[in-house]
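One structure is given below, encoded as C-alpha cells.
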2 protein chains.
Amino acid sequence: MTKPSDQTRGGRPVALQPDERAEQRILDAAHTVFVRRGTAGARMQEIAEAAGVNQALLHYYFRSKDRLAEAVFRRAAMQLLPSVIAVLASKADLEEKVTRVVQLELDHLLRTPHLPGYIISELTHHPDRARQFISALTGVTPEHVRPRVLRTLGAQIRQRVRRGSMRPIAPEQFVVNLLALCIFPFAARPMLEVMLGLDHQRFARFVARRRRELAPFFLRALRP
Amino acid sequence: MTKPSDQTRGGRPVALQPDERAEQRILDAAHTVFVRRGTAGARMQEIAEAAGVNQALLHYYFRSKDRLAEAVFRRAAMQLLPSVIAVLASKADLEEKVTRVVQLELDHLLRTPHLPGYIISELTHHPDRARQFISALTGVTPEHVRPRVLRTLGAQIRQRVRRGSMRPIAPEQFVVNLLALCIFPFAARPMLEVMLGLDHQRFARFVARRRRELAPFFLRALRP
DNA sequence: GTCTATATGTTGATAGAC
DNA sequence: GTCTATCAACATATAGAC
C-alpha cells in the first residue's frame with residue numbers, strides 16, 4: 001500500500017505534483033457533491049466526473065467511499081467554527097467577542113452557506129461523526145481549550161453581574177444563543193426562503209442587515 | 001389500482017381496519033427510519049421490519065420509496081411549526097406571543113428532538129422538498145395567513161416603537177431570531193453535546209433552564 | 001391485503017493493462 | 001498514477017400465489 005501522502009518529497013516547498021493535484025481535486029469535488037447530496041445520497045461516479053478523473057482513482061487515493069466521506073467531513077468541521085472558538089477564548093471583553101463572532105461567522109457563512117446544513121445533516125444521520133467532529137476541532141484548538149472557553153466566559157459574566165452591568169446567564173446558554181442566531185438562518189435557509197418569501201437576493205439583504213443588527217440585539221438581551 | 005384510501009367505508013367513525021392499521025404502522029415506521037438515516041440512507045427493508053410487514057406491502061400502499069419519503073416528510077413538516085404560526089398570527093400581544101412560542105416549541109421539541117435535524121437535512125439535500133414544505137404548511141394554515149403574520153407582527157412592532165417601548169426590528173428578523181433560539185439547540189444537538197460536554201441528562205437540564213429563561217432573554221433584546 | 005420469489009438496475013469496489 | 005473493464009452485493013420494484 002503506497003499512499004501518496006506516505007511518499008517523501010524532501011520536504012521542500014515544491015509546486016504541487018500531478019498526483020497531489022489529483023488528490024486535491026478529488027477532495028474538492030467530493031466536498032461539493034457530499035454537501036449537495038449528503039453522504040448517503042452522493043455517488044462516487046458523480047464525484048469522479050466533478051474531479052475530472054476516473055472512478056477507480058477515488059479508491060486509489062481514499063480506498064472507500066466511507067473514508068472519503070470522513071476526510072470531507074473532517075475538513076468541513078474544521079471550517080465551521082474556526083475563528084469562533086479562538087475569539088471566545090481570547091482576552092477581549094464580552095462586547096468585543098460578541099461583535100467579532102457575529103462578523104466573522106456571518107462573513108464566513110456568506111461564502112459557504114451550505115456548510116451548516118451539511119454538518120447538521122451528517123451529525124444527525126451518522127452517529128460516529130460526533131467523535132470525528134470533536135477530533136477535527138482538537139486539530140484546530142487543543143483539547144483543553146474548550147472547557148476553558150466556558151470557564152473564561154463564565155468568569156467574565158460573573159464579573160459583569162457583580163458590577164451590575166449584566167444579567168446572570170449560564171455560559172452554555174450564552175454560547176448556544178450566539179451560535180444559534182448566527183448559524184440557524186443558513187442551516188434553515190430553504191425553510192426560511194419559502195416561509196418568508198425570500199429569494200436569493202432578498203436573503204442576501206436579510207443577512208447584510210443581520211450583520212449590522214445582530215450583535216447589538218444580542219448585547220441588549222444581556223443587560224440587567 | 002385500488003388504494004385503501006379510495007375505498008368507501010360509509011363515513012362512520014369505525015375502528016381502524018386491518019389495512020389502515022398496516023398503512024399507519026408503515027408510515028410510523030418509515031418516519032422513524034427516515035429520521036434516523038435520512039431519506040437516501042434509509043432502506044425499505046428496514047422500514048418493513050420496523051413495521052412488522054413485508055417489503056412488498058410498502059409498495060402496495062405507497063408505490064415507491066420516493067412517494068413514501070414524501071408522505072413522511074409532509075407529515076413531519078406539519079409538525080415542526082404547528083402552533084407557532086397560529087400563535088404569531090393571533091391577536092395576543094407581543095410578550096405573550098414570545099412566551100407562548102417558546103413554551104410550545106420547546107415542549108414539542110422535547111418530545112420529538114430529532115425533527116429539526118431531519119427537516120433541515122431533507123430541505124438541504126432534496127431540492128423539491130421546499131415546495132412540499134410550503135404545501136404542507138398551507139395544509140395547516142391557509143396560504144394567505146403567512147404573509148399576514150409578518151404584517152401583523154410588523155404593525156405590533158411599529159406600535160411599540162411609536163410608544164417608545166421597543167427598538168425597531170424587521171418582522172423577518174424577529175421571527176428568525178425567535179425560531180433560531182428555539183430550534184437550533186435541537187438541530188445542532190450532537191454538535192453541542194460534544195462541544196459543551198453535555199450528556200443526555202445535562203442536555204435535558206439545559207433545555208429545561210432554557211424554557212424558563214429564553215422568553216425573558218428575547219424580550220430584553222427588544223427593549224429600547 | 002399480505003405474502004414469497006424474483007427481476008432489474010445501481011453502486012461501490014477490484015483486477016489488471018498501460 | 002491513471003485508465004478500462006468487470007464483479008459482487010445490494011436495493012428497489014414487480015409478479016403472482018394465497
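Chain A is the first sequence line, chain B the second, and so forth, proteins listed ahead of strands; every chain is numbered from 1.
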Consider the side chain of [X], meaning its heavy atoms from C-beta on, and name the nucleotide among [options] that approaches it most closely.
X	options	answer
B:Ala22	C:dG12, C:dT2, C:dA15	C:dT2
A:Val53	C:dG12, D:dT12, D:dC3	D:dC3
B:Ser64	D:dT2, D:dA13, C:dT14	D:dA13
B:Leu57	D:dG1, C:dG1, D:dT12	C:dG1

Length of the line joining [X]:[atom1] and [N]:[atom2], which is rounded to integer Å:
X	N	atom1	atom2	result
B:Met44	C:dG9	CE	P	18 Å
B:Glu46	D:dT12	CD	P	11 Å
B:Gln45	C:dA5	CD	C1'	14 Å
A:Gln55	D:dC7	CD	C1'	13 Å
B:Leu58	C:dG1	CG	P	15 Å
B:Arg63	D:dA13	CZ	C1'	11 Å
B:Lys65	D:dC10	NZ	C1'	12 Å
B:Tyr60	D:dA15	OH	C1'	15 Å

Kindly say whether the aromatic ring centers of B:Phe217 and A:Phe174 come within a distance under 6.0 Å.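 Distance test on ring centres: not under 6.0 Å, no.
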For A:Ala56 and B:Asn54, take the nucleotide of DNA chain C holding the closest heavy atom to each; which residue's nucleotide lies nearer the 5' end?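 So the residue in question is B:Asn54.
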Report yes if a side-chain nitrogen or oxygen of [X] is closer than 4.0 Å to either non-bridging phosphate oxygen (OP1 or OP2) of [N]; otherwise report no.
X	N	result
B:His59	D:dA13	yes
B:Tyr61	C:dT2	yes
B:Arg43	D:dT12	yes

Report which part of the nucleic acid A:Ala42 touches: base, sugar-phosphate, or nothing (heavy-atom distance under 4.0 Å, all strands).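 Sugar-phosphate contact only - A:Ala42 comes under 4.0 Å of backbone atoms but never of a base.
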Nearest 0.5 Å, what's the CD-CG distance between A:Glu23 and A:Leu58?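 It comes to 11.0 Å.
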Please report the interatomic distance CD(A:Gln132) to CD(A:Glu122), rounded to the nearest 0.5 Å.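 Result: 9.0 Å between the selected atoms.
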Short question: side chain of A:Thr112, backbone of A:Leu109 - any donor-acceptor pair under 3.5 Å?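 Side chain of A:Thr112 to backbone of A:Leu109, a donor-acceptor pair under 3.5 Å: no, none is there.
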Inspect the contact between A:Glu70 and A:Arg131 and indicate whether a charged nitrogen and a carboxylate oxygen are less than 4.0 angstrom apart.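 Not counted as a salt bridge, because no side-chain N and carboxylate O are separated by less than 4.0 Å.
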